[in-house]
Participant: 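Please see the structure below; I have some questions.
Start at 1 and go down the list; that is how both ligands and their atoms are numbered.
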Amino acid sequence: MLIAVDGPAASGKGTIAKRLAAHFGLAHLDTGLLYRAVGLKTMGKETHAEFESMAIDAAMGLDTSTLDEEVLSTAEVGIAASRVAQIPEVRKALNRLQRKFMEQPSGAILDGRDIGSRICPQADVKLFITANPETRARRRTEQLLTRGLDVTYVEILKQIEKRDKDDRENPAGAFYQAADAHLLDTSKLSIEAAFQAALGIVERATG
Ligand code: CDP
């Protein structure tokens, strides 16, 4: 079984994907971590003339076994990720890694922005997870505060709104709800309720 989960920052897609993976015994890939890892490698070099080629080299040489979620989860790395995500060759290199991941015999679930539309249009089920920006900012702020990072709701809301805009307008991306994706708005749902709703969609869709 192949499941595609897309949605904007902090919509709950990562948590839902993780739990669906555990429930169905699927391999899980958070594709945002790939963009974040490339973003991290180019941080501070945005004005460098070689910025694009550095990002492309980083994407082509990325070792997915060394992704450190803790280091990659900061808001600043998220912004760097959306910057490198606009470079077509970076997407191409990362797309190759994602397609390879999908070939696992156990089946796979991938979450990101363009999984249902570009990376895995053949997915058995596609979910598009969303929530209003205020709810997403509140969740992300709590998440980062729990990790001991010094952030405020106001700055996180601003960053989320900027990233939403950059991702929507990304000329190299494909951030939209695939026509055959199931929309799930988690604004008023707890994590448990959101997971149960997603599970219900997958079970109905796969019989
Ligand atoms: O975790 P969060 O939802 O904040 O974002 P993420 O999934 O870690 O992705 C970070 C950034 O990488 C996004 O804002 C996108 O710009 C980019 N990205 C992308 O372009 N395509 C993907 N499949 C995944 C992430």
Participant: Using a 6.0 Å cut-off, check whether atom CD1 of Ile191 has over 12 heavy atoms from anything other than its own residue.
Facilitator: no
Participant: Yes or no on side-chain contact (heavy atoms from CB on, under 4.5 Å) for Phe128 and Lys13, after CA distance, side-chain angles and deciding distance?
Facilitator: CA-CA 8 Å; Phe128 193 89; Lys13 64 183 186 305; over 6 Å; no
Participant: Are Leu199 and Met1 connected in the hydrophobic side-chain network, where two residues link if heavy atoms are under 4.5 Å apart?
Facilitator: yes
Participant: Per the side chain to side chain donor-acceptor pair (under 3.5 Å) rule, which among Asp167, Thr31, Asp6 passes with Arg113?
Facilitator: Asp167
Participant: Which heavy atom of Pro8 sits nearest to which heavy atom of Arg136, and what is that distance?
Facilitator: CB-NH1, 3.4 Å
Participant: Hey, could you give me the CD/OG1 distance between Gln143 and Thr15, rounded to the nearest 0.5 Å?
Facilitator: 6.5 Å
Participant: Residue by residue, ordered by chain and number, which ones reach under 4.0 Å of ligand 1 with a heavy atom?
Facilitator: Ala9, Ala10, Lys13, Thr31, Gly32, Tyr35, Arg36, Ala81, Ser82, Ala85, Arg91, Gly112, Arg113, Asp114, Arg140, Arg163, Asp167
